[in-house]
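What follows is a single structure, written as structure tokens, with notes after it.
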2 protein chains.
Amino acid sequence: MSKLDISEVSQASGLAPSTLRYYEAQGLIQSSGRKGLRRQYSPEVLERLNLIALGQSAGFLLTEISEMFTPNGPIINRDRLLQKAEQLEQKIKRLTAISKGLRHAAACPADRHLDCPKFQQLIKQSALSRLE
Amino acid sequence: MSKLDISEVSQASGLAPSTLRYYEAQGLIQSSGRKGLRRQYSPEVLERLNLIALGQSAGFLLTEISEMFTPNGPIINRDRLLQKAEQLEQKIKRLTAISKGLRHAAACPADRHLDCPKFQQLIKQSALSRLE
DNA sequence: GCTTGACCTCAAGTCAACTTGAAGTTGTAG
DNA sequence: CTACAACTTCAAGTTGACTTGAGGTCAAGC
């Protein structure tokens, strides 16, 4: 035990085996060896996969994520992190406005939400934050 | 006046002319006529473009957006809107956690943020919400 | 010992949303 | 009137993140 084969990792992570092989090819994860042809993974790979998912949600590209993992790869630049955080916060604002807009549209009695003043206003807001 | 040509719309919207032609080909916008070969747009197209950007931010595909615009296209299903709103709210939660994580990582004294307990916790949170 | 199913590799395909390139047309400034 | 920048079309290319397919390998159960 303690070694997982690809289907177990796939199960546990929710990622397709092909994705795991792809990630390995991109240098994002490593298999800890082979059993015959077959990749064996140590359980820590699951943590790594979570980290990757985290990075993706944060809007990093896979190549950026893999850079972060390299031993002395581009230092995880703190300014870069802060910058990403700010971008995310901007995005959160927009998404919040939009989600309100959608909820309103769903509840709005007007046949065409497009005509509803509240909705219009939310659109404008969102349009503005888009340009900032 | 009152008719804009493609470069003006491009300027005003921040979208490339090629994108505007592409949107037209996809049925997302219309030009209100031609002057010779050249498309002329009425100013309302800008509002439409905002709406498109809004939809994109909300996570709709262009094809879905264009459906919403069709005269008697698939009624803008209220359940669908609510569902999107919920998805967005989920996403907002995740992004919020991540942005906190990034800010913390940027401030964290630990050389490897990956080892920081607070950071670890944020990762776990985010990993969980990912599966819900 | 043979079949089967889960794995393997490598190249090519997919998808969304655009962009680019080649080759042609046209409104306008000089 | 001519030059030319800005448009036009249409097909093909790009990017990121995967997936699919063809063809091959291997361990385990019958």
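A quick note: this is a predicted structure, and the numbers were derived from the prediction, not measured. A note on names: the letters A, B, ... follow the listed sequences, proteins ahead of strands, and every chain is numbered from 1.
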Listed partners of A:S18 passing side chain to side chain contact (heavy atoms under 4.5 Å, CB included), at least two apart
A:A16

Between D:dT9 and B:R34, is there an OP1 or OP2 to side-chain N/O distance shorter than 4.0 Å?
yes

Assess whether one donor atom and one acceptor atom, taken from the side chain of A:R38 and the base of D:dA27, lie less than 3.5 Å apart.
no

Is there a side-chain contact between B:L62 and B:I52 in this structure, where contact means two heavy atoms from C-beta onward sitting under 4.5 Å apart?
yes

What heavy-atom pair brings A:L15 and A:S10 nearest, and what distance separates the two atoms?
O-OG, 2.7 Å

Heavy-atom closest pair, residues A:L88 and A:A58
CD2-O, 3.9 Å

Residue met sooner reading DNA chain D from 5', once A:G36 and B:Q40 are mapped to nucleotides
B:Q40

Under-4.0 Å side-chain N/O to phosphate OP1/OP2 contact, B:R39 with D:dT8:
yes

Listed by chain and number, what are the salt bridge (charged side-chain N to carboxylate O under 4.0 Å, His left out) partners of B:E8, not counting sequence neighbours?
none

Can you check nucleotides 17-19 of chain D for protein contacts, nitrogen or oxygen pairs under 3.5 Å, and list what you find?
unit_1 : atom_1 : unit_2 : atom_2 : d
D:dA17 : OP1    : A:L62  : N      : 3.4
D:dA17 : OP2    : A:L62  : N      : 3.3
D:dC18 : OP2    : A:Y23  : OH     : 2.8
D:dC18 : OP2    : A:Q56  : NE2    : 3.0
D:dT19 : OP2    : A:S18  : OG     : 2.8
D:dT19 : OP2    : A:T19  : OG1    : 2.4

List the residues meeting side-chain hydrogen bond (donor to acceptor under 3.5 Å, both in side chains) with B:S99, not counting sequence neighbours, and say none if there are none.
A:E89

Between A:E64 and A:L61, is there a donor-acceptor pair closer than 3.5 Å when you use the side chain of the first and the backbone of the second?
yes

Near DNA chain C, under 4.0 Å by heavy atom, which residues of residues 24-31 of chain A?
none

With sequence neighbours excluded, residues passing side-chain hydrogen bond (donor to acceptor under 3.5 Å, both in side chains) with B:S32:
B:K3

Exercise answer: donor-acceptor pairs, residues 20-30 of chain A side-chain atoms, under 3.5 Å, sequence neighbours excluded:
unit_1 : atom_1 : unit_2 : atom_2 : d
A:E24  : OE1    : A:S31  : OG     : 3.4
A:E24  : OE1    : A:R39  : NE     : 2.9
A:E24  : OE2    : A:S31  : OG     : 3.3

Please give, in whole Å, the distance from D:dA6 P to B:D5 CG?
11 Å

side-chain hydrogen bond (donor to acceptor under 3.5 Å, both in side chains) filter on B:R48, not counting sequence neighbours, yields none

What is the minimum heavy-atom distance between A:S13 and A:L49, and which atoms define it?
CB-CD1, 3.8 Å

Looking at side-chain heavy atoms only, is the closest gap between A:K93 and A:Q90 below 4.5 Å?
yes

Every stem of 3 or more Watson-Crick or G-U pairs under 3.5 Å that DNA chain C joins, in order of first number, is C:1-30 with D:1-30

side-chain hydrogen bond (donor to acceptor under 3.5 Å, both in side chains) against A:S7, all qualifying residues, sequence neighbours excluded:
A:D5

Need two values: the first and the last nucleotide of DNA chain C, 5' to 3', having an atom under 4.0 Å from any heavy-atom of chain A.
C:dG5 to C:dT9

Measure across B:A105 and A:L81 and return the closest heavy-atom pair with its distance rounded to 0.1 Å.
CB-CD1, 3.9 Å

Can you pull every protein N or O that's under 3.5 Å from an N or O on nucleotides 28-30 of chain D?
none

Rounded to whole angstroms, how far apart are CG on B:L20 and C1' on D:dT9?
16 Å

Is it the case that more than 12 heavy atoms not belonging to A:Q87 sit under 6.0 Å from its CD atom?
yes

Hey, is the main chain of A:Q40 close enough, under 3.5 Å, to the side chain of A:K35 for a donor-acceptor pair?
no

